[in-house]
S.K.: 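Have a look at this one.
Heads up: numbering here begins at 1 and tracks the sequence.
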Amino acid sequence: MSQEVVKIIMLGLLLLFAIAPFAGLAPLLLVILIGGFASVIWSVAKVLLLGSRDEAEEKT
């Protein structure tokens, strides 16, 4: 094999071993992202449709 092919394979393996452990967190991050978006959309829709908030009213 030529030196270039060996270098490319070694770089590919290095990137694979550096990035692969974080691939297991992708589903968890996706669930957190979807939950965050759902929470924001639910809060905005609740305020727009019902006109009320769950938070205590601010006293001035």
Side-chain angles (χ1 to χ4, degrees):
M1 278 194 224
S2 66
Q3 287 287 73
E4 291 83 17
V5 174
V6 172
K7 287 181 182 179
I8 291 172
I9 290 173
M10 288 176 59
L11 180 63
L13 288 174
L14 178 65
L15 288 174
L16 175 71
F17 289 129
I19 296 173
F22 299 107
L25 296 176
L28 176 64
L29 293 175
L30 184 62
V31 168
I32 291 171
L33 182 70
I34 291 172
F37 280 142
S39 176
V40 168
I41 291 171
W42 175 254
S43 297
V44 170
K46 189 174 178 182
V47 168
L48 289 176
L49 296 176
L50 301 177
S52 63
R53 300 187 307 181
D54 288 338
E55 301 173 3
E57 295 293 326
E58 296 180 12
K59 296 180 181 178
T60 55

S.K.: How is the hydrophobic cluster of L30 composed, in terms of its other members, when Ile, Leu, Val, Met, Phe, Trp and Tyr link through side-chain heavy atoms under 4.5 Å apart, directly or indirectly?
M.R.: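 Its cluster mates, by chain and number, are I34.
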S.K.: For the pair S43 (side chain) and S39 (backbone), establish whether a donor and an acceptor sit closer than 3.5 Å, ignoring hydrogens and angles.
M.R.: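 Pair found, side chain donor or acceptor close to backbone of S39.
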S.K.: Does the side-chain contact (heavy atoms from CB on, under 4.5 Å) test come out yes or no for S2 and V5, once each step is laid out?
M.R.: CA-CA 6 Å; S2 66; V5 174; 3.4 Å; yes
S.K.: Looking at A23 and P27, what are the two nearest heavy atoms and their distance?
M.R.: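 In this case the closest contact between A23 and P27 is O-CD, 3.8 Å.
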S.K.: What distance do L33 atom CG and L29 atom CG have between them, rounded to the nearest 0.5 Å?
M.R.: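 Reported value, rounded in 0.5 Å steps: 8.5 Å.
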S.K.: Under 4.5 Å between side-chain heavy atoms, hopping through other hydrophobics if needed: is there a path connecting L16 to I8?
M.R.: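 Looking at the clustering, I8 is in a separate group from L16.
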S.K.: By the rule that ILVMFWY residues connect when side-chain heavy atoms come within less than 4.5 angstrom, directly or transitively, which residues belong alongside I41?
M.R.: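 Grouped by the 4.5 Å side-chain rule, I41 forms a cluster of one, so the answer is none.
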